[in-house]
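What follows is a single structure, written as structure tokens, with notes after it.
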Amino acid sequence: MMYNREAAVRYANTWWDSRNPAFPAFDVDCTNFISQCLLAGGAPMHGYPNRVNGWWLQGGTWSFSWSVAHSLRWYLATSKKGLTATQVSTAQELGLGDVIAYDFEGDGRFDHSTIVTAKDGSEPLVNAHTFNAQHRHWAYKDSYMFSPNAKYVFFKINDQFS
């Protein structure tokens with residue numbers, strides 16, 4: 001099975017400023033939104049009912065990696081089954097449908113997730129929830145959340161799912 005980047009981006013561009021009623025909504029909704037985008041791109045879920053392992057939404061509950069930025073960051077860094085990703089060094093290596101994890105305070109706790117939905121030259125532009133954004137510059141330097149200590153992890157979603 002292949003990752004359909006266009007479908008993931010289409011979903012992100014459709015729902016960036018509202019909530020899809022087919023999914024739960026959270027006050028801090030960024031990672032839930034990214035998970036929906038990945039699912040729209042064909043990413044397979046696995047791990048139910050263990051909330052700590054896998055990446056899934058089922059039966060009114062979900063894995064931590066589905067809805068928590070820090071958990072999705074570590075899931076993408078370590079998953080060997082289903083939805084997998086490769087960490088790259090720079091944002092410019094990312095393409096449409098790839099994911100960025102944000103640690104705004106640089107304290108090791110990742111607090112935001114976005115999906116690449118466009119490029120401005122080599123610079124990724126991202127969509128996000130919580131503070132809804134479409135085609136925002138990936139670095140978030142104009143955000144009140146940003147600090148000079150901010151750290152980013154760049155994930156190229158693997159096109160082939162196992």
Does Thr130 have any side-chain hydrogen bond (donor to acceptor under 3.5 Å, both in side chains) partners at least two apart in sequence or in another chain, and if so, which? none

Can you pull out every salt bridge (charged side-chain N to carboxylate O under 4.0 Å, His left out) where at least one residue sits in residues 50-71? Sequence neighbours excluded, please. none

Can you pull the side-chain hydrogen bond (donor to acceptor under 3.5 Å, both in side chains) pairs that have at least one residue in residues 141-155, sequence neighbours excluded? Arg136-Asp142

Show me the donor-acceptor pairs, under 3.5 Å and distance only, between side chains in residues 89-99 and residues at least two apart or in other chains.
from: Thr90; atom 1: OG1; to: Glu93; atom 2: OE2; distance (Å): 3.0
from: Gln92; atom 1: NE2; to: Glu123; atom 2: OE1; distance (Å): 3.2
from: Gln92; atom 1: NE2; to: Glu123; atom 2: OE2; distance (Å): 2.8
from: Glu93; atom 1: OE2; to: Ser89; atom 2: N; distance (Å): 3.2
from: Glu93; atom 1: OE2; to: Thr90; atom 2: N; distance (Å): 2.9
from: Asp98; atom 1: OD1; to: Arg5; atom 2: NH1; distance (Å): 2.8
from: Asp98; atom 1: OD1; to: Arg5; atom 2: NH2; distance (Å): 3.4
from: Asp98; atom 1: OD1; to: Ile157; atom 2: N; distance (Å): 2.9
from: Asp98; atom 1: OD2; to: Gly95; atom 2: N; distance (Å): 2.7
from: Asp98; atom 1: OD2; to: Lys156; atom 2: NZ; distance (Å): 3.2

Trp74 atom CH2: more than 12 heavy-atom contacts under 6.0 Å: no

Show me the pairs that pass salt bridge (charged side-chain N to carboxylate O under 4.0 Å, His left out) and involve residues 63-91, at least two apart or across chains. none

Contacts of Asn4 meeting side-chain hydrogen bond (donor to acceptor under 3.5 Å, both in side chains) (sequence neighbours excluded), chain-then-number -> none

Is there a donor in the side chain of Asn53 and an acceptor in the side chain of Tyr75, or the other way round, less than 3.5 Å apart? no

Please name all residues satisfying salt bridge (Lys or Arg N to Asp or Glu O under 4.0 Å) with Arg109, sequence neighbours left out, ordered by chain then number. none

Can you name the side-chain hydrogen bond (donor to acceptor under 3.5 Å, both in side chains) partners of Ser71, sequence neighbours left out? none

Got a sec, which residues hit side-chain contact (heavy atoms from CB on, under 4.5 Å) with Ala43, two or more places apart in sequence or on another chain? Leu38, Trp55, Leu83, Phe161

Do the side-chain N and O atoms of Asn158 and Thr86 include a donor-acceptor pair separated by under 3.5 angstrom? yes

Contacts of Phe104 meeting ring pair (Phe, Tyr, Trp, His ring centres under 6.0 Å) (sequence neighbours excluded), chain-then-number -> Tyr102, His112, Tyr140

Sorted by chain and number, sequence neighbours left out, ring pair (Phe, Tyr, Trp, His ring centres under 6.0 Å) with Phe146 holds for none

Any salt bridge (charged side-chain N to carboxylate O under 4.0 Å, His left out) involving residues 24-43? Give me the pairs, sequence neighbours left out, ordered by first then second residue. Arg19-Asp29

In Å, rounded to the nearest 0.5 Å, how long is the span from CG of Asn32 to CG of Leu57? 7.5 Å

